[in-house]
**Q** 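Before I ask anything, here is the structure I am working with.
One-based numbering, in listed order, for ligands and for the atoms of each.
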Amino acid sequence: MVPLYRLFDYKVAEDFEVDGLIPGIRLRVPFGSSSKIGVLLEVGSDSDWALDKLKVVQEVLDTKPLLSADDLDFLAWVSRYYHYPMGEVVGYALPVLLRQGRQVKLKQDQSFRLTDLGTDVNSMVLARAPRQQGLLRFMKQEGRPIAESALRTWHEDGKKFMTELMAKGYVELCDSSAMLAKRPEVGLNADHVALTTEQQQAVDRVNESLDAYRAFLLDGITGSGKTEVYMRVIDAVISQGKQVLVLLPEISLTPQIESRFRQRFSIAIAVSHSSLTDSQRCQSWLSVQHGHAGVLLGTRSALFNSIPRLGLIIVDEEHDVSFKQQERLRFSARDMALLKAKKRNIPIILGSATPSLESLSNVLNGRYQKLTLTQRIGTAVLPTVRLLDIRNQRLVDGLSEPLMDAVRKTVARGEQVILFLNRRGFSPALMCHGCGWVARCPRCDVNLVLHEKLGLLRCHHCDYQHRKSQRCEACRCAELVSLGIGTERVERALVEAFGQDQVIRIDRDSVRHRNDLEIALAGIHSGQAKVILGTQMLSKGHHFENVTLVGIIDIDSGLFSVDYHAPERLAQLIVQVSGRAGRSHKKGLVLLQTRQPDHLLLRTLIEKGFAAFAKESLLERKAARLPPFSFQALFRVSAVSESLAMVFLQQVQSFLGPHVTEGACVLGPVPAPIVRRAERFHYQLLLQANQRKQLHQMLDLLVKEVGAIKMVRKVRWSIDVDPVDLY
Ligand code: ADP
Ligand code: ZN
Ligand code: ZN
């Protein structure tokens, strides 16, 4: 069940033209009784294996390498850092279709330019075709080729008018790669917005060091114009003919950002995220690899795209944990982006309103330069945040009267409200009033979540679900009570109060596809929806002009997590959600319901702000020798029985023990916070060290020796370097 850690040697037929064997090309090779597609990493004349035992390469698939020497070097580094097999890491670097060995041609994003005839002709000849005339005039103004994708932002039917101009001989097709040239903006007055002094300073600082590695932390409050800063710097980089990688945390952010970028830049922009089809992904990958696309906007895996002329990396919302992949190759796209920037000797910007403690500590130790934006754009100011003490208050479906009152008043003023609750479903527990029985997942140590509309009880940790019965499964009593609140329940209450068409819910159940999200966002932007209820999907990046009230329904449970990362996450969440309020000229208000109004985290955050919170947290981490002041890795194991997992880890612990040096330790085995998940038992060892090198030495040893433990075939294990949660 564990990926193979070794690489494989093959030989080529004797009459083979060896010049064609460049690292980075794909090969078809025999593997077991079938064949596999592999990527050539190295050509050598000997092997640790007997030469006559080596199998022969069946087919060479590429004449030019898909991955450059730089790429392979980077991937090898990632493989070493995460102690994950190189073969698997290389897999991440190629889109599925290429991994399968297909030959895929890049469908060019066409570009159009004026012919000599078009340049000379007076646009008045098109007086009877105003659209064509407008387009011709636009092209003359631009004075450079226009990409088909940019044409669409000019006009929905832009392509049609262009075809008509082409038929008249005024324009012709040209190669997109010739287009990595500067161009201010398409039909938009965006470049005329004067930067604020702070924005200008940030842009200048980065622009001063475009040709060498330097890490910047753009620490700017929500709505302070970080994106505008990115776009100015990108403009400078692409005008040097280079490419830019922009990493974004989640798909939910991309529709808005993507259209902002498309409106601004006439060069081809590639996007990469999980809702693309395999074919779209492959096209996007190729357009970047061929150098046609000047900007790649993508989620974490875009990091592995081959980008030949990379000149700048931007990681937006760098604190976001979705940059960390939580299965298989457990990499942090942010951390690896830094490495990539260093290796390519180019600048990198990490942006956030709530920077991670790691990044802040890197500012303090001089590794990053901090750029700050302290003001919201225009007359907008940060909202007032107030704690609503709900002890002894009557809550109706999780909502207190003061909060409901504020919601009503806001809606009555014609403004919008965001209510935030980070729990999907109707209620997190279903209990029998007669005997106390609680619906539990038969496969995990957790309660089932009631999804009332679907009539289902669902496990949020495995895919188990079953129909909600009308009676208790233990005593057959018919009185079942749902305990606690989820978004579905709050939605029902809001719909009763404000009517169906005024309420929009945004969570993973209501928004399953990108389209759903776009429809929901359109409903919000049009002003039709007055009350927007959602999970953290709502906390990110969205800019809603008319939202003046944000209500945070329940975060108390987050105040008591055992994971030392929890306070940081919670503080970031509160600030990000709050940041959705008052983003234009109307002042915003944030109401935070809590039964812990005196909790230190809340007090610090509200009275002194995120920076003060972060500073105190860093001091605490330092005192406790927790990251970023030490380095951690989790060695997780699961097995079908508790004792298997435990005994296995004890054996690991005992061979690791003698090699643990001063300043390092191995804690455990300890049970994972939820021991039984999907019928498997989860245990872990926590490795910690004061020096990163010590940690890697322990992990190297672990990977090398673990295979020798007999039980290894009966367990699944994984290594998580720099874990972001202790699950
Ligand atoms: P952030 O990314 O920091 O949350 P944005 O870049 O989304 O902020 O900017 C917030 C809003 O302000 C956007 O609508 C953006 O177009 C606008 N904006 C940004 N910079 C300026 C500026 N210098 N002048 C006018 N409007 C600006
Ligand atoms: Zn019962
Ligand atoms: Zn389950």
Side-chain angles (χ1 to χ4, degrees), residues 185 188-203 218-234 246 248-249 253 256-257 259-261 263-264 314-318 349-355 371-382 430-449 456-466 469-481 525 539-546 575-576 578-585 674-680 682:
E185 82 274 70
L188 208 84
N189 54 5
D191 245 21
H192 304 308
V193 309
L195 294 182
T196 64
T197 316
E198 288 180 327
Q199 283 176 320
Q200 189 65 55
Q201 277 169 356
V203 171
L218 179 59
D219 182 352
I221 60 169
T222 52
S224 58
K226 292 185 287 298
T227 314
E228 187 61 38
V229 171
Y230 302 150
M231 294 201 290
R232 294 295 172 107
V233 180
I234 291 172
V246 183
L248 305 164
L253 272 175
Q256 266 181 340
I257 283 232
S259 62
R260 268 174 92 176
F261 273 70
Q263 278 167 1
R264 177 63 66 92
I314 291 168
V315 184
D316 190 25
E317 310 288 356
E318 63 90 22
I349 309 175
L350 310 179
S352 177
T354 52
L371 310 168
T372 25
L373 304 179
T374 56
Q375 307 290 322
R376 277 192 161 179
I377 295 295
T379 52
V381 289
L382 277 183
L430 184 69
M431 187 187 270
C432 170
H433 189 60
C435 75
W437 167 87
V438 177
R440 301 273 290 172
C441 176
R443 312 177 64 216
C444 310
D445 293 336
V446 295
N447 292 343
L448 290 172
V449 177
L456 290 175
L457 286 164
R458 279 186 163 166
C459 174
H460 285 188
H461 294 269
C462 71
D463 50 12
Y464 179 84
Q465 59 179 47
H466 77 86
S469 60
Q470 297 310 312
R471 290 180 174 277
C472 167
E473 286 171 25
C475 75
R476 312 304 302 158
C477 152
E479 203 170 335
L480 297 177
V481 284
H525 287 295
S539 66
K540 302 185 176 172
H542 301 292
H543 186 76
F544 305 127
E545 296 259 305
N546 201 26
V575 174
Q576 293 288 346
S578 303
R580 302 309 116 205
R583 287 177 69 100
S584 69
H585 55 283
I674 299 174
V675 177
R676 198 169 58 104
R677 270 176 286 146
E679 288 174 338
R680 295 183 70 87
H682 297 253

**Q** Is the Zn ion (ligand 2) under 2.8 Å from any N, O or S atom of Cys432?
**A**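 Here the distance criterion (N, O or S atom, under 2.8 Å) is met by Cys432, so yes.
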**Q** Would you say Cys441 reaches the Zn ion (ligand 3) with an N/O/S atom under 2.8 Å?
**A**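 An N, O or S atom of Cys441 is closer than 2.8 Å to the Zn ion (ligand 3), so yes.
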**Q** Suppose we only count N/O/S atoms under 2.8 Å; would Cys475 qualify as near the Zn ion (ligand 2)?
**A**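 Given the 2.8 Å cut-off, Cys475 counts as a ligand of the Zn ion (ligand 2).
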**Q** In the structure I gave you, are the side-chain heavy atoms of Ile377 and Arg583 within less than 4.5 Å of one another anywhere?
**A** no
**Q** Considering His543, Arg260, Glu317, His542, which one's heavy-atom position lies nearest to atom 7 (O) of ligand 1?
**A** Arg260
**Q** What about Gly225: any of its N or O atoms under 3.5 Å from an N or O on ligand 1?
**A**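 Between Gly225 and ligand 1, an N or O pair is found under 3.5 Å apart.
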**Q** Looking at Asp445 and Arg676, would you say the former's side chain and the latter's main chain have a donor-acceptor pair under 3.5 Å?
**A**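 Yes, because the side chain of Asp445 sits within donor-acceptor range (under 3.5 Å) of the backbone of Arg676.
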**Q** Does ligand 1 have an atom that lies less than 4.0 angstrom from a heavy atom of Arg376?
**A** no
**Q** Indicate whether any N or O donor in one side chain lies under 3.5 Å from an N or O acceptor in the other, for His461 and Arg677.
**A** no
**Q** So, is Val193 polar-close to ligand 1, with some N/O to N/O distance under 3.5 Å?
**A**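 It does not: no N or O of Val193 is found under 3.5 Å from an N or O of ligand 1.
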**Q** Assess Gly220 for proximity to ligand 1: is some non-hydrogen atom of it under 4.0 Å away?
**A**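 It does not, in that no heavy atom of Gly220 comes within the 4.0 Å cut-off of ligand 1.
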**Q** Is it the case that ligand 1 has an N or O less than 3.5 angstrom from some N or O of Thr227?
**A**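 Yes, Thr227 has an N/O under 3.5 Å of an N/O on ligand 1.
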**Q** Has Glu228 got a side-chain atom pairing as donor or acceptor with Leu195's backbone, closer than 3.5 angstrom?
**A**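 A pair under 3.5 Å: no.
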**Q** To the nearest 0.5 Å, how far apart are CZ in Arg264 and OH in Tyr230?
**A**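 Those atoms lie 14.5 Å apart.
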**Q** Using heavy-atom distances only, which candidate in Ile221, Thr197, Ile377 approaches atom 26 (N) of ligand 1 most closely?
**A**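 Heavy atom nearest to atom 26 (N) of ligand 1 belongs to Ile377.
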**Q** Residue-level breakdown please: for Ala194 versus ligand 1, do any non-hydrogen atoms fall below 4.0 Å on the side chain, on the backbone, on both, or on neither?
**A** backbone
**Q** Compare every heavy atom of Gly434 with every heavy atom of Cys477, then report the nearest pair and how far apart it is.
**A** SG-N, 3.9 Å
**Q** To check your reading of the site, what angle at the Zn ion (ligand 2) do SG of Cys472 and SG of Cys435 form, to 10°?
**A** 110°
**Q** Looking only at heavy atoms, what is the nearest atom pair of Cys459 and Leu448, with distance?
**A**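 Where Cys459 meets Leu448 most closely, the heavy atoms are N-CD2, 3.5 Å.
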**Q** Taking all non-hydrogen atoms of both residues, which atom of Ile674 and which atom of His682 are closest, and how far apart?
**A**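 Nearest heavy atoms, Ile674 then His682: O-CB, 4.3 Å.
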**Q** Got a sec: is Cys459 within less than 2.8 Å of the Zn ion (ligand 3) via an N/O/S atom?
**A** yes
